[in-house]
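Basis for what follows: all heavy atoms, side chains included, without hydrogens, waters or symmetry-related copies.
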Amino acid sequence: MTSYAAYAALRAQLATLTTEAFRPELADIDRLPTLDLARLMNDEDATVPAAVATRLPEIAAAIDAAAARMAGGGRLVYAGAGTAGRLGVLDASECPPTFNTDPAEVVGLIAGGPPALVRAVEGAEDSAELAAVDLAALGIGPADTVVGVSASGRTPYAIGAVEYARRAGALTVGLACNADSALGAAAEHAVEIVVGPELLTGSTRLKAGTAQKLVLNMFSTITMIRLGKTYGNLMVDVRASNEKLRARSRHIVALATGASDEEIEAALGATDGEVKNAILVLLSRVDGPTAARLLAESKGHLRAALDATRG
């Protein structure tokens, strides 16, 4: 059982964190009309992008380093607890349908495992050892990137994940919402987005969570752009797994090529429905197998494949 002295020490530590700070000017917000509360929250949220903007150089450096490892076959792994863990799992789970990645390429780990996505798992976030076990199960190594995510920057699970990954030779990133965080210090790349105290004291699912979502959006999206998963601003690696995405696939091919519906259907038929391959077929007037070969030789970069046919 945790002693009173240990609780007192933890309370003192939390009192130093910006994300835990009390704002006396908001002590009576429960008396405000709903519209005023909505305006207040909206004003608070509007400050988050500016806080992210101050750390764009650090974010870009971490993305470039991660993309280089992924280009060599590495994986991107997010590790966090609570809201931070859920945001990592969310970002990872959206990569396969958006960029046609294998589910093992971008992975989200949450302290306590899948049950923690919907309810708290007691004590999971306090275990650095649990993070080591989770990463060991993935066989983390030098080709991989591990992003520890923690609003406070002190969560043992996130810090433990980064420390284990660094010992394994992986690239490490610490995403936190407090300056000079333990998580940032443990990682090779520190990304610390200081959004200030929350509207509700210590409720880091608010501004801190929004900041983390914005950074994770950048991390996965720009990494995939660097890996050739897009053509301009078109998602040419989209996986057409439902009717909406099948319609979107045809729209993307149309935007990229200006081809007729009949030409698009023929190109998709010749390429087993692969959007990127169909675009290459239409723009370069090659057949399906040739398009597949050219894209393989260009490591999936459509622009490079197109240049090869024009050379």
Could you pull out the closest heavy-atom pair between Ala21 and Thr201, with the gap in Å? O-CG2, 3.7 Å
Would you check if the side chain of Lys276 reaches a backbone N or O of Gly228 as a donor-acceptor pair within less than 3.5 Å? yes
Can you name the closest pair of heavy atoms from Ala111 and Ala116 and give their distance? O-CB, 3.2 Å
Within the 4.5 Å heavy-atom criterion, are Leu56 and Ile59 side-chain neighbours or not? yes
Distance-only donor-acceptor check, side chains Glu192 and Ser181, under 3.5 Å: yes
What pair of heavy atoms forms the shortest contact from Thr223 to Ile63, and how long is it? OG1-CG2, 3.6 Å
Thr230 versus Phe99: any side-chain heavy-atom pair under 4.5 Å? yes
A side-chain contact here means heavy atoms from C-beta on lying under 4.5 Å apart; do Glu129 and Val133 qualify? no
Any carboxylate oxygen within less than 4.0 angstrom of a Lys/Arg side-chain nitrogen, looking at Arg250 and Glu265? yes
Is there side-chain contact between Arg75 and Val146, with at least one heavy-atom pair below 4.5 Å? no
Are Asn100 and Val238 close enough that some pair of their side-chain heavy atoms sits under 4.5 Å apart? no
Report, as yes or no, whether the 6.0 Å neighbourhood of atom CZ on Arg69 holds more than 12 heavy atoms from other residues, nucleotides or ligands. yes
Is a salt bridge present between Glu25 and Arg23, judged by a nitrogen-to-oxygen distance below 4.0 Å? yes
Apply side-chain contact (heavy atoms from CB on, under 4.5 Å) to the pair Leu37 and Met41, showing each step before the final yes or no. CA-CA 6 Å; Leu37 275 171; Met41 285 196 70; 5.7 Å; no
Do the non-hydrogen side-chain atoms of Asp237 and Val275 ever get within less than 4.5 Å of each other? no
Which atom pair, heavy atoms only, marks the closest approach of Ser284 to Leu306? OG-CD2, 3.3 Å
Walk me through it: do Thr221 and Thr98 pass the test side-chain contact (heavy atoms from CB on, under 4.5 Å)? CA-CA 9 Å; Thr221 303; Thr98 307; over 6 Å; no
Any donor-acceptor N/O pair, Asp28 side chain to Arg31 backbone, under 3.5 Å: no
Give a yes or no on whether a salt bridge exists between Glu163 and Arg166, defined as a side-chain N under 4.0 angstrom from a carboxylate O. no
Given 3.5 Å as the limit, does a donor-acceptor pair link the side chain of Ser203 with the main chain of Leu200, or not? no
Side-chain donor/acceptor of Glu263 to backbone N/O of Ser260, under 3.5 Å: yes
Quick one: pull up CG in Leu294 and CG in Asn277 and give me the separation to the nearest 0.5 Å. 10.0 Å
Answer yes if Leu234 and Ile264 sit in the same cluster of Ile, Leu, Val, Met, Phe, Trp and Tyr residues linked by side chain heavy atoms under 4.5 Å apart, and no otherwise. yes
Let me confirm one number: the CD-OG1 distance from Gln212 to Thr204, rounded to the nearest 0.5 Å. 7.0 Å
Of all heavy-atom pairs between Glu198 and Thr19, which one has the smallest distance, and what is that distance? CG-O, 4.2 Å
Taking all non-hydrogen atoms of both residues, which atom of Ala267 and which atom of Val281 are closest, and how far apart? CB-CG1, 4.2 Å
Yes or no on side-chain contact (heavy atoms from CB on, under 4.5 Å) for Tyr78 and Leu109, after CA distance, side-chain angles and deciding distance? CA-CA 6 Å; Tyr78 301 126; Leu109 296 177; over 6 Å; no
With rounding to the nearest 0.5 Å, note down the distance linking CG in Leu175 to CG in Leu216. 6.0 Å
Rounded at 0.5 Å granularity, tell me how far OG1 in Thr210 sits from NZ in Lys213. 10.0 Å
Joint hydrophobic cluster, Leu32 plus Leu206, side-chain heavy atoms closer than 4.5 Å: yes
Between Leu214 and Met224, is there shared hydrophobic-cluster membership here, with clusters defined by ILVMFWY side-chain heavy atoms closer than 4.5 Å? yes
Spell out, yes or no, whether Val89 and Val215 are grouped together once hydrophobic residues are joined by side-chain heavy atoms under 4.5 Å, including indirect joins. no
Heavy-atom donor-acceptor pair, Arg239 side chain to Thr101 backbone, under 3.5 Å: yes
Would you say Asp64 has more than 12 foreign heavy atoms packed within less than 6.0 Å of its CG? yes
Taking Ser298 for the side chain and His301 for the main chain, is one N or O donor matched with an acceptor at less than 3.5 Å? yes
So Leu76 and Val107, do their side chains get closer than 4.5 Å, heavy atoms only? no
Is it possible for you to say whether Leu280 and Leu282 belong to one hydrophobic cluster, with membership spreading through side-chain heavy-atom contacts below 4.5 Å? yes
Can you tell me how far apart OG (Ser249) and CE (Met235) are? Round to the nearest 0.5 Å. 9.0 Å
Check Ser152, Pro156, Ser150 against Leu183 for a side-chain contact (heavy atoms from CB on, under 4.5 Å) and give me the one that passes. Ser150
Mind checking the NZ-CG spacing from Lys207 to Asp45? Nearest 0.5 Å is all I need. 8.5 Å
Donor-acceptor side-chain pairing of Asp134 and Tyr157 below 3.5 angstrom: yes
Asp144 and Leu171: CA distance, side-chain angles, deciding distance, side-chain contact (heavy atoms from CB on, under 4.5 Å) verdict: CA-CA 6 Å; Asp144 301 317; Leu171 177 76; over 6 Å; no
Any side-chain heavy-atom pair from Leu87 and Val149 closer than 4.5 angstrom? no
